[in-house]
Colleague: 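What follows is a single structure, and I will ask about it in a moment.
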Amino acid sequence: MLEYRQCKIEYERDMAKERETALLKKKIARCIHVPESQIKRLDIARKSLDARKKPQLFYTYTVVFECEDEEGIFRKNRKNNNLVRHEQQPDLSALIRSARENGQGSAESERIVIVGSGPAGLLCGYFLALCGKKPLIIERGGPIGERIGKVSKFWEEGTLDADTNVAFGEGGAGTFSDGKLNTGVKDKTGKKKFILETFAKHGAPKEICYAAKPHIGTDRLRDVIRSMREAILEYGGSYLFHTCLTGFLTEPVGGKGRRSNREPEEHGQPGNRRRLTGIRVRDEQGEERTILCDACVLAVGHSARDTFQMIRNAGIAMEQKAFAIGVRVQHPQKAINEMQYGFDEEGLPAADYKLAGKTSDGRGVYSFCMCPGGYVVNASSEEGMTAVNGMSCHSRNSESANSAVIVTVNEADFGSADALAGVEFQRELERRAYAAGQGKIPVQRFEDFKSGHVSGSISGQYPCTKGDFVAADVKNLLPPFAADGIIEGMEQFGTKMKGFDDGDVLVMGTETRTSSPVRIVRDKEFESVSVSRLYPCGEGAGYAGGIMSAAMDGLRVAEQIIRRKGNGEKDEKQF
């Protein structure tokens, strides 16, 4: 098969699939100097919208196709750098078959518990189930249907459930987001392909498999999560909802299991490493119980602050990690379309953006988790604290666009060397936001944000939120370096996108959960340096940032578990 890159065709509104294929065949045939009839099969490998010559728009494709006399055509077009021989991506299905055939996935060999059902835990459990394991997934929150109801109630009435909310419950924090699947992670192992194809198999739009910026949307993502859970159950896995991790059982090599109670300063020291034999949980009835296991995957998410505390108290190596804080900024989607496309009309895909700059004190300032046609949502998970996030449905059809504009923070800003100092840093900002809005989302015009005045009126656009909002002094909720950095960043972005820093742009605060403030230290085999057979995984453990990278980390951990025999020793066969 051959592959043609940088194949451009002019944008057409609501282009039918048949016309798209016909135009691509015609364009490629012309570029490689063959009749269209010689192109027998054509598949889109990548598709993006190019607006660099706005207002003229183009779709840019990478296309894989079969053709008569491929070697002859390749030689004839050897000077055309866009034509290459197609290299098939690695396919994880071969690993699944190998695990089943060699007995590495035998459910009798190990009992595996996964803590957390977000992208990392879900993909880890799904892959293990395909390989023949029967993983047990425990989730502190409720299943997706219950979760939707409780989150809606919170947004409508302000009634927060501490265990089932925007941060906790089946699917993790990404469930109430845009469902973006783009990632900067370079992958030659087939994991990204496997994840996209798995999501599509379970109900996501097929175009995520080739879109340059794939997204599912919160509405479609919920059905995908439910379908994947049902598949795991069919393969013999199991779920325990409303079940919270409270402790670990460990033993020295050759010893008997006991609850880990080592002092934090001992963690990670040579000779002190122990082996996991089980976990302690609090079940739906509030009863403490023990679950014995041979391996435990910690995929707890970036907001599991009480779990971080328990992990630290158990003497498991943990360290501070830099992250970023800031606000959500809201523009009319029409304005973003005009900035990016040069015009706005019905039927255009809701435009997005990605912006980055540097503050005068050397910090990075950048846009994050941009939600075209979306909502700013109250994403709080603790009483007396307010945090915000962004969310879009698949259609991205609200009239507003929003993105976080955030400034980097590091260990020096936390004021303490304690591993959980970043958690307390976040909490203090969220307490301020709660006090300023009395539980509602604080909102301020950017012009007033710069001057530090509470907005007397909100002109130009109306806040597009899930959860109530109130005018407040958002600037005063942030440390001066962050507030000043946001102003600098917005003004820099305004030079790239004219009008981005308009005075009527809405600023909503605060965005504190951009990534985990801790890292649970693991070795090259993905195990905790303090407790073997314990696998810190995903965004909460400090090894991912977003749905896709967390899901990929879940697959990495699952593969590592499959490599090991039932007694915990590594199998000689390496995938």
Colleague: Taking Asp219 for the side chain and His394 for the main chain, is one N or O donor matched with an acceptor at less than 3.5 Å?
Modeller: yes

Colleague: Just wondering, do Val531 and Phe248 contact through their side chains at under 4.5 Å, heavy atoms?
Modeller: no

Colleague: Which pair of non-hydrogen atoms, one from Cys124 and one from Gly554, has the smallest distance, and what is that distance?
Modeller: CB-O, 3.4 Å

Colleague: Is Arg305 paired with Glu430 through a side-chain N to carboxylate O contact shorter than 4.0 Å?
Modeller: yes

Colleague: Give a yes or no answer on whether the side chain of Ser152 reaches the backbone of Gly149 with a donor-acceptor pair at less than 3.5 Å.
Modeller: no

Colleague: Taking the side chain as every heavy atom from C-beta outward, state whether Cys537 and Phe526 have any pair of such atoms under 4.5 Å apart.
Modeller: no

Colleague: On the 0 to 90° scale, with breaks at 30° and 60°, tag the Tyr239-Phe241 ring pair as parallel, tilted or perpendicular.
Modeller: parallel

Colleague: Taking the six-membered ring for Trp, are Phe493 and Tyr353 ring centroids under 6.0 Å apart?
Modeller: no

Colleague: What are the two closest non-hydrogen atoms of Ala471 and Ser455, and how far apart are they?
Modeller: CB-O, 3.5 Å

Colleague: Quick check, are the ring centers of Phe500 and Phe446 under 6.0 angstrom apart?
Modeller: no

Colleague: Salt bridge or not between Glu424 and Arg431? Use side-chain N to carboxylate O under 4.0 Å.
Modeller: yes

Colleague: So among Val113, Val115, Ile114, Thr243, which one has a side chain to side chain contact (heavy atoms under 4.5 Å, CB included) with Leu136?
Modeller: Val113

Colleague: Please confirm whether the ring centroid of Phe323 lies under 6.0 Å from the ring centroid of Phe414.
Modeller: yes

Colleague: With distance as the sole test, does Thr514 use its side chain to make a donor-acceptor pair with the main-chain N or O of Ala324 at under 3.5 Å?
Modeller: yes

Colleague: Evaluate the criterion side chain to side chain contact (heavy atoms under 4.5 Å, CB included) for residue pair Arg222 and Phe176; output intermediate values, then yes/no.
Modeller: CA-CA 9 Å; Arg222 299 167 189 180; Phe176 294 92; 3.3 Å; yes

Colleague: Backbone N or O of Ile144 within a donor-acceptor pair of the Glu170 side chain at under 3.5 Å?
Modeller: yes

Colleague: Do NZ/NE/NH1/NH2 and the carboxylate oxygens of Asp161 and Lys153 come within less than 4.0 Å?
Modeller: no

Colleague: Which heavy atom in Ala299 sits nearest to a heavy atom in Gly121, and how many Å separate them?
Modeller: CB-N, 3.7 Å

Colleague: Given 3.5 Å as the limit, does a donor-acceptor pair link the side chain of Tyr543 with the main chain of Ile520, or not?
Modeller: yes

Colleague: Examine the side chains of His242 and Glu146 and answer whether a donor and an acceptor come within less than 3.5 Å of each other.
Modeller: yes

Colleague: Do we see a donor-acceptor contact under 3.5 Å between the side chains of Asn165 and Ser381?
Modeller: no

Colleague: Begin from the C-alpha positions of Phe127 and Thr198 and carry the test side chain to side chain contact (heavy atoms under 4.5 Å, CB included) through to its verdict.
Modeller: CA-CA 10 Å; Phe127 188 82; Thr198 295; over 6 Å; no

Colleague: Will you find, in the side chains of Arg282 and Thr246, an N or O donor that is under 3.5 Å from an N or O acceptor?
Modeller: no

Colleague: Answer yes or no: is there a side-chain heavy-atom contact under 4.5 Å between Leu123 and Phe199?
Modeller: yes

Colleague: Just by modelled atom types, is the Lys450 backbone N or O under 3.5 Å from a matching donor or acceptor in the Lys475 side chain?
Modeller: yes

Colleague: Checking Ile325 against Phe425 for the side chain to side chain contact (heavy atoms under 4.5 Å, CB included) test, could you report, in this order, the C-alpha distance in whole Å, the side-chain angles of both residues, the deciding distance, and whether it holds?
Modeller: CA-CA 10 Å; Ile325 59 169; Phe425 185 88; 3.8 Å; yes

Colleague: Is a salt bridge present between Asp306 and Arg140, judged by a nitrogen-to-oxygen distance below 4.0 Å?
Modeller: yes

Colleague: Go through Ile279 and Ile138 one step at a time and tell me if the side chain to side chain contact (heavy atoms under 4.5 Å, CB included) criterion holds.
Modeller: CA-CA 11 Å; Ile279 61 172; Ile138 71 170; 4.0 Å; yes

Colleague: Is the closest side-chain heavy-atom distance between Leu478 and Val327 below 4.5 Å?
Modeller: yes

Colleague: Do Val405 and Glu511 have side chains that approach each other closer than 4.5 Å (heavy atoms only, starting at C-beta)?
Modeller: no

Colleague: Give, for atom CG of Leu506 and atom CG of Asn402, the distance between the pair rounded to the nearest 0.5 Å.
Modeller: 10.5 Å

Colleague: Checking the side chain of Asp178 only, and the main-chain atoms of Arg396 only, is there a donor and an acceptor separated by less than 3.5 Å?
Modeller: no

Colleague: Can we say Lys133 and Asp294 salt-bridge, meaning some charged N sits less than 4.0 Å from an Asp/Glu carboxylate O?
Modeller: no

Colleague: Could you check if a side-chain atom of Lys180 sits within less than 4.5 angstrom of a side-chain atom of Cys369, using non-hydrogen atoms only?
Modeller: yes

Colleague: Is a side-chain N or O of Thr359 found less than 3.5 angstrom from the main chain of Arg363, in a donor-acceptor match?
Modeller: yes

Colleague: Are Pro372 and Gln333 packed together at the side-chain level, in the sense that at least one heavy-atom pair is separated by less than 4.5 angstrom?
Modeller: yes

Colleague: With a 4.5 Å cut-off on side-chain heavy atoms, are Leu245 and Leu298 touching?
Modeller: yes

Colleague: Salt bridge or not for Arg312 and Asp418, using N-O below 4.0 Å?
Modeller: yes

Colleague: Look up atom CG in Leu249 and atom OG1 in Thr277, then write down how far apart they are to the nearest 0.5 Å.
Modeller: 4.5 Å

Colleague: Using distance alone, with no hydrogens and no angle criterion, decide if Lys321 and Ser515 have a side-chain donor and acceptor under 3.5 Å apart.
Modeller: yes

Colleague: Taking 4.0 angstrom as the limit, do Arg522 and Asp553 come out as a salt bridge?
Modeller: yes

Colleague: Would you call Glu428 and Arg432 a salt bridge, taking side-chain N to carboxylate O under 4.0 Å as the test?
Modeller: yes

Colleague: Assess, by modelled atom type and distance only, whether the side chains of Arg280 and Thr290 contain a donor and an acceptor separated by less than 3.5 Å.
Modeller: yes

Colleague: Quick check against the 3.5 Å criterion: does Thr159 have a side-chain atom that pairs as donor or acceptor with the backbone of Phe154?
Modeller: no

Colleague: Got a second to check how far Gln330's CD is from Ser403's OG, nearest 0.5 Å?
Modeller: 12.0 Å

Colleague: Taking Ser177 for its side chain and Gly179 for its backbone only, find out whether a donor-acceptor pair lies under 3.5 Å.
Modeller: yes

Colleague: Say you draw a straight line from NZ of Lys134 to CD1 of Ile232; how long is it, rounded to the nearest 0.5 Å?
Modeller: 14.0 Å

Colleague: Supply the atom-to-atom distance Ser117 OG to Met228 CE, rounded to the nearest 0.5 angstrom.
Modeller: 11.0 Å

